[in-house]
Protein chains: 2
Amino acid sequence: ELAERAADCFAGGRLTGRHVLITAGPTREDIDPVRYISNHSSGKMGFALAEAAAEAGARVTLVSGPVHLPTPDRIERIDVISARDMLAACEAALPCDILIAAAAVADYRPQAVAPQKLKKSPDSDDGLILQLVRNPDILATLAQRADRPFSVGFAAETENLREYALRKLKTKNLDLIVANDVAIPGIGFNSEENAVSVIDRAQRETRFAQTGKGKIARQLIAFIADRFDQA
Amino acid sequence: ELAERAADCFAGGRLTGRHVLITAGPTREDIDPVRYISNHSSGKMGFALAEAAAEAGARVTLVSGPVHLPTPDRIERIDVISARDMLAACEAALPCDILIAAAAVADYRPQAVAPQKLKKSPDSDDGLILQLVRNPDILATLAQRADRPFSVGFAAETENLREYALRKLKTKNLDLIVANDVAIPGIGFNSEENAVSVIDRAQRETRFAQTGKGKIARQLIAFIADRFDQA
């Protein structure tokens, strides 16, 4: 128990004087005034990371999509709705030393937002074709800047986890990627626990066994602080 | 103040022995394991109506989409995700005397749910075409049964409110429709207050001035109990 408590406190003070920018939750992309597209994400992992980073002494900016979570102590929280809003809020929060992109950003948004509620025809059972366009890639945009922060991404996948995570690490120019198998029941979306692997640029993988999101967050922050110091 | 309190209590015991079925919240329609389509709806109006109906003595079944609200006392709550789940839960809860359909049901769902997360191409900025199909119409299905309950619908519109509400009343075979102008800031989605009109089959409109959703709910339940008795 003593060893466990020591591990929990490992990052204590390690991020003093550092600015850590964390994204959390889903984004919402309006179809019309009543309908939207979104991603499953409770925001719990990102909020736990924000809390752990603050515990480690960092100044933390938390940019959050629509979630139902209280703001942790000593965190500056900025609420946003869409991916474009989230990118703008992140850019406004720069510079930062470390970026942890835990948000489940919608990759696509409707090409046009209808100004009025789309009416279905009362006389037909016709479907609807929704033309979606790509959203800006927040993580890649920030990680490819000249003044880029130490950049940590998340890959939430349902298959080919290591392959997709490595591709994301490379194409987005990340320092670390946290790989999250969301097809496993009991971890991931809206659960209280998580189990992840972190992969670095040398393709070395470090596993974090299943436990509460608060504990995983403290372990991840300690690990990230280590790698940030070495970078 | 006394008159106001009297009005608040107007429905007391009026629905004793009646079974009231209420739908609330949004529905979610999966695109793939991580993405979905939904509607803006906090569920607050439907939950307030359930509470008011129970206060009026009714046995209440509340079929709710994904919301972040506690279950009111003396309510049987059934949680669902999709429109098809909501219809099945409502049909399983029959018979009922009064149906109040306050849920913001998704009119459309993706034609097929992808079994794995849809991957965007890392090499292109291509969009995505989403083919949507019509969901079953829960309210029309229940209100057109031979053993139909006294049926109350909601029309949440951003324009042409009276016209669309009347069309919905007629095509879905309703007894009453609650017309809700969701384009007005401060009422509707996720706000604490609401202001509505109720329209009957004779196209008579009764207005309920802006106030808290709990009070509007008690006024609406008293009004519905009146009209149910006259039916």
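Chain letters run A, B, ... following the sequence lines, proteins first and then strands; every chain starts at 1. Note that this is a predicted model, so its numbers are computed, not measured.
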**OP:** Find the distance between CZ (B:Arg35) and CG (A:Leu132) and round it off to the nearest 0.5 Å.
**Re:** 9.5 Å
**OP:** Working to the nearest 0.5 Å, report the span between OH of B:Tyr108 and CD1 of A:Ile129.
**Re:** 11.5 Å
**OP:** Give, as side chain, backbone, both or neither, the part of A:Ile31 having an atom under 4.5 angstrom from any heavy atom of chain B.
**Re:** side chain
Original post:
Is chain B contacted by the side chain of A:Arg28, its backbone, both, or neither, given a heavy-atom distance below 4.5 Å?
Top reply: side chain
**OP:** With a 4.5 Å cut-off on heavy-atom pairs, point out which of A:Leu130, A:Leu128, A:Thr158 contacts chain B the most.
**Re:** A:Leu128
Original post:
Looking at A:Glu29, A:Glu159, A:Glu157, A:Gln116, which has the largest count of heavy-atom pairs under 4.5 Å with chain B?
Top reply: A:Gln116
**OP:** Against chain A, label B:Asp30 side chain, backbone, both or neither, depending on which of its atoms sit under 4.5 Å from a heavy atom there.
**Re:** side chain
**OP:** Anything under 30° is parallel, anything over 60° is perpendicular, the rest tilted; go ahead and classify A:His68 against B:His68.
**Re:** parallel
